[in-house]
Amino acid sequence: MIVHPQIQGCVARNCHPIGCRAAVAQQIASVRAAGSFNGPKRVLVLGASSGFGLASRIALAFGAGADTIGVSFERGPSDKGLGSAGWYNNIWFRQAAEQAGHIAINLIGDAFSDTMRQQVIETIRQQLGQVDLVIYSLASGIRVMPDGTQVRSVLKTTGQPFTGWGLDLEHDALVQQTLAAASPEEIRDTVTVMGGEDWQLWLQALQQADCLSKGVQAVAYSYIGPESTYPIYRDGTIGYAKEHLHATAETINLQLAELGGHAWVSVCKALVTKASAYIPVLPVYLGLLMGVMKERGVHEGCIEQMQRLFAGKMYGPQGVVADGNRLIRMDDRELDPAIQAAVSTLWSKVTPDNFHGLGDFAGLKRDFMQLNGFELPEVDYGAPVNESALAELVP
Ligand code: NAD
Ligand code: NA
């Protein structure tokens with residue numbers, strides 16, 4: 001069959017499996033070009049199949065020669081379609097890592113479940129012995145609690161409702177979006193899903209099972225952003241969840257002390273991912289930011305961010321480089337006052353009629369399409385994909 005992109009709102013309904021392979025290969029090439037570094041050799045990545053988690057895994061396997069276990073929630077081929085981009089990312093990553101002589105194991109299932117914790121513990125014991133780094137990179141709208149109840153996160157503001165331009169990726173248009181003010185229950189539920197509780201459960205279970213090595217590191221990903229985005233992010237439900245995540249880093253840090261280990265939060269820059277495309281209004285800021293950062297030669301994609309995090313700010317010559325609040329600041333370039341001043345000027349001018357000429361919305365759209373295996377220059381999209389061959393691939 002020939003695969004055409006199906007975009008609905010800001011969600012991709014399908015992927016191009018061969019394009020996903022090209023996208024993974026591009027990230028691997030980028031890491032190889034950046035050169036190797038002396039990083040952790042055994043790594044667990046929770047949320048490994050896309051965005052920051054996938055980029056982390058690629059940076060560590062191909063930059064530091066790490067063996068990895070990746071956990072993700074993805075769909076394989078079925079009568080509903082070819083499956084999700086993350087499904088194929090896992091497979092193409094594993095094939096390339098194995099070819100380079102590294103262990104790469106994909107576990108597919110619900111990372112919030114105790115069943116998955118047990119499966120990971122057994123896999124670590126059998127395959128790696130222990131792990132030296134645990135990466136927490138889950139982004140989810142729902143968490144099934146250990147007792148089976150379902151909790152949903154929402155993307156809302158707090159205080160007063162907030163209205164701004166949002167990006168409709170399906171129609172390449174700007175549309176008015178309003179973030180309603182969340183109720184206290186919605187704030188609490190978002191903290192339950194996207195805060196630090198599950199991260200702590202993971203580290204506790206791994207430590208009790210003796211799966212963490214001496215000097216182990218744990219890192220989770222966060223976002224703060226500039227003041228202009230506070231109503232959307234930091235003062236929104238997700239911001240409350242991230243505050244909780246930051247506080248949890250301190251708790252986990254104390255727990256890891258007996259191993260001489262540490263827990264960190266890396267505050268990353270805004271980037272196009274499946275999760276961020278879904279946040280109201282934020283993609284317009286992102287399109288403008290991308291334009292300004294590219295113009296000044298400081299743009300980074302997911303892979304450049306993660307390569308710089310591990311090679312430069314966690315496992316570089318100075319060890320972990322963090323600010324006074326123990327946050328690793330990968331948003332340093334985004335928050336440069338000169339960059340923010342330029343973005344603010346554009347943001348005050350942007351309208352549905354002129355946005356194509358401001359910032360880099362074409363680049364944002366291309367990044368979004370490439371996350372799903374589309375619009376990669378090296379792929380022949382006129383060629384049919386072999387469904388039965390794809391169906392035989394295993395994670
Ligand atoms: P993403 O959607 O690309 O990746 C999310 C990952 O989580 C996927 O691998 C998915 O399979 C996995 N996942 C989701 N639910 C799961 C479940 N129940 N069980 C197992 N796996 C599950 O998102 P992303 O943007 O890479 O986000 C990762 C983290 O980075 C989040 O904490 C996010 O807040 C943070 N972050 C993102 C940005 C950004 O701009 N994208 C910036 C800073 C921080
Ligand atoms: Na991720």
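Each ligand, and each atom within it, is numbered from 1 in the order the structure gives. Keep in mind that this is a model prediction, so the values were computed, not measured.
- With hydrogens and angles left out, the side-chain atoms of Tyr223 and Thr229 include no donor and acceptor closer than 3.5 Å.
- Defined by atom type and a distance below 3.5 Å, a donor-acceptor pair is present between the side-chain atoms of Asn90 and Ser72.
- Short contacts between ligand 1 and Phe112, defined as distances under 4.0 Å to a heavy atom of the residue, involve ligand atoms 18 (N).
- For ligand 1, the polar-atom distance check against Ser222 finds no nitrogen or oxygen pair separated by under 3.5 Å.
- At least one heavy atom of Ala270 sits under 4.0 Å from some atom of ligand 1.
- Taking the six-membered ring for Trp, Tyr136 and Trp202 have ring centres at least 6.0 Å apart.
- At most 12 heavy atoms of other shown residues, nucleotides or ligands fall within 6.0 angstrom of atom CD in Glu227.
- Comparing heavy-atom distances from atom 1 (P) of ligand 1 across Gly51, Ala55, Ser50 singles out Ser50 as nearest.
- Counting heavy atoms under 4.0 Å from ligand 1, residue Ala220 does not touch it at all.
- Taking every heavy atom of Tyr221 and a limit of under 4.0 angstrom, the matching atoms of ligand 1 come to 30 (O), 32 (O), 35 (C).
- Counting the atoms of ligand 1 from 1 in the order shown, those under 4.0 Å from a heavy atom of Cys268 are 43 (C).
- When Gly47, Ala85, Ser56, Ser84 are checked for heavy-atom proximity to atom 12 (C) of ligand 1, Gly47 turns out nearest.
- For the residue pair Thr192/Asp189, the side-chain donor-acceptor check at 3.5 Å is not satisfied.
- If you look at Phe355 and Phe361, their ring centroids are closer than 6.0 Å.
- Applying the 4.0 Å criterion to heavy atoms of Leu271 picks out, from ligand 1, the atoms 39 (C), 40 (O), 41 (N).
- By the criterion of a heavy-atom distance under 4.0 Å, neither the backbone nor the side chain of Met116 is placed next to ligand 1.
- Looking at ligand 1, you'll find an N or O of Ala111 within less than 3.5 Å of one of its N or O atoms.
- For Arg308 and Glu304, the salt-bridge test fails: no basic side-chain N is under 4.0 Å from an acidic carboxylate O.
- Neither side chain, Thr158 nor Asp235, offers a donor N or O lying under 3.5 Å from an acceptor on the other.
- Contact annotation for Arg143 and ligand 1: no heavy atom of the residue comes within less than 4.0 Å of the ligand.
- For the residue pair Thr178 and Thr163, a side-chain donor N or O sits within less than 3.5 Å of a side-chain acceptor on the partner.
- A salt bridge links Arg117 with Asp114: the distance from a Lys NZ or Arg NE/NH1/NH2 to an Asp or Glu carboxylate oxygen falls below 4.0 Å.
- The heavy atom nearest to atom 29 (C) of ligand 1, considering only Gly70, Ser276, Ser137, is found in Ser137.
- With hydrophobic clusters built from ILVMFWY side chains whose heavy atoms lie under 4.5 angstrom apart, Ile339 shares a cluster with Val350.
- Ligand 1 places these atoms under 4.0 Å from at least one heavy atom of Ala275: 2 (O), 23 (O), 25 (O).
- Considering CD1 of Ile7 and CD of Glu170, their distance stands at 8.0 Å, rounded to 0.5 Å.
- Below 3.5 Å of separation, one finds no N or O of Gly53 facing any N or O of ligand 1.
- Within the listing of ligand 1, atoms 19 (N), 20 (C) sit less than 4.0 angstrom from a heavy atom of Gly109.
- Listed by number with element, the atoms of ligand 1 under 4.0 angstrom from any heavy atom of Ala139 are 5 (C), 7 (O), 14 (C), 15 (N), 23 (O), 27 (O).
- Checked against a 3.5 angstrom limit, the closest N/O atoms of Tyr223 and ligand 1 fall outside it.
- Between Ser72 and ligand 1, a contact under 3.5 Å exists for no N or O pair.
- Here is the list of ligand 1 atoms found below 4.0 Å of a heavy atom in Leu138: 7 (O), 13 (N), 21 (N), 22 (C), 31 (C), 32 (O).
- Counting heavy atoms closer than 4.0 Å to ligand 1, residue Cys302 contributes nothing at all.
- Between Phe73 and ligand 1, at least one N/O pair is under 3.5 Å apart.
- For the residue pair Thr248/Gln200, the side-chain donor-acceptor check at 3.5 Å is not satisfied.
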